Protein chains: 2
Amino acid sequence: MRIGELSHRTGVPTRLLRYYEEQDLLHPERGDNGYRRYPESAVADVQQIRGLLDSGLTTEMIRAILPYLAGPGELHPPAECVTPETAALLHGHIERIQSRIDCLARNRDRLSAYLAAVRPHPR
Amino acid sequence: MRIGELSHRTGVPTRLLRYYEEQDLLHPERGDNGYRRYPESAVADVQQIRGLLDSGLTTEMIRAILPYLAGPGELHPPAECVTPETAALLHGHIERIQSRIDCLARNRDRLSAYLAAVRPHPR
DNA sequence: CTTGACCTTCACACTGATGTCAGGCTCCGA
DNA sequence: TCGGAGCCTGACATCAGTGTGAAGGTCAAG
């Protein structure tokens, strides 16, 4: 599909789709006329990117982990070419994500506790 | 304590401590000489703010929820003055935080799964 | 063949979080 | 009393993520 349809189906402005490509997060092909052509899977890819950006990750971090985020099942980057360094990097990313989760969960709990304490019988 | 000590104890540059004040996240008193004076609790406050910023929240969102994040025990903003509108706003914030957590957790799981699949016997 | 919708690149501008620097005040120790 | 360390405010710069617009190419429908 072309950029307009992808934008329309994901709700992401074309400006950003081009930006994500510039940031190496998307890799559409080009038709003979120079138009970008996206595969069907790009819709999910874009939603994935949006979710991660909204969650506070930078494009740099997303670029680093995106290749390893294929759905459960097929290993997209083959196991053979994963060096120990890569594995360590990935592990670092996982830990950074985890600490974000911990922080958010802790504060979500505090907010919930406050709300529960203030309004014990919500109805 | 003054801003220098707070900066030194939290690792946050004075520039940011002043910025957080400008953003209404910190409220130090002022001495006769115009110097900011922070209570001991500011150390924890600053760490809280940093954690939330690092987790992708904006100062605006932090400003909205910060009053309700006192430790478990005392209700800092008294229950009486919590209107249903405020409660609804808080609930919205909780949901936004939750969706971030969900997104991050989902991707953490994918990364972990990939790592586990690639290196079944890590030692 | 023209019109309009869609695409291209390029560029400038904005916001939020942050870095950095300048000019001036306060305070303490030599 | 002087010097330096620490504080003040204010301004400008940077970076990432976005918004917006100009100038022009492509294509299908009338």
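Chain naming here is simple, since letters A, B, ... match the order of the sequence lines and numbering starts at 1 in each. Predicted model only: the values in this text are computed from it and were never measured.
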Please determine if a side-chain N or O atom of [X] lies less than 4.0 Å away from the OP1 or OP2 oxygen of [N].
X     : N      : value
B/R36 : D/dC7  : no
B/Y20 : C/dA17 : no
B/Y19 : C/dA17 : yes

Hphob cluster co-occupancy, B/L25 + B/V43, side-chain heavy atoms under 4.5 angstrom: yes

- request: Of all the heavy-atom pairs spanning A/R2 and A/Y38, show the shortest one and how long it is.
  value: C-CD1, 4.1 Å

task: Looking only at non-hydrogen atoms, find the nearest pair between B/V82 and B/A87 and report the distance.
output: CG1-N, 4.3 Å

task: Scan B/R18 against the nucleic acid and name what it touches under 4.0 Å (heavy atoms): base, sugar-phosphate only, or nothing.
output: base

message: Heavy atoms only, 4.0 Å cut-off, all strands: where does A/T14 land among base, sugar-phosphate and nothing?
response: nothing

What's the [atom1]-[atom2] distance between [X] and [N], to the nearest Å?
X     : N      : atom1 : atom2 : value
B/R37 : D/dC7  : CZ    : P     : 13 Å
A/R30 : C/dC7  : CZ    : C1'   : 10 Å
B/L53 : D/dA16 : CG    : C1'   : 15 Å
B/L57 : C/dG16 : CG    : P     : 15 Å
B/E22 : D/dG10 : CD    : C1'   : 11 Å
B/L17 : C/dA17 : CG    : P     : 15 Å
A/I3  : C/dC6  : CD1   : P     : 13 Å
B/L25 : C/dT18 : CG    : P     : 11 Å

- prompt: Picking from B/R96, B/E95, B/H91, what satisfies side chain to side chain donor-acceptor pair (under 3.5 Å) with B/H93?
  reply: B/R96

field: Side-chain donor/acceptor contact of A/Y35 with base of D/dG25 under 3.5 Å
entry: yes

- request: Report yes or no: is there a donor-acceptor pair, N or O only, under 3.5 Å between the side chain of A/R15 and the base of D/dT20?
  value: yes

statement: Per nearest nucleotide of DNA chain C, the residue lying toward the 5' end, A/G4 or B/N33, is A/G4

query: Does the side chain of A/T58 come under 3.5 Å of the side chain of A/E60 through a donor N or O and an acceptor N or O?
result: no

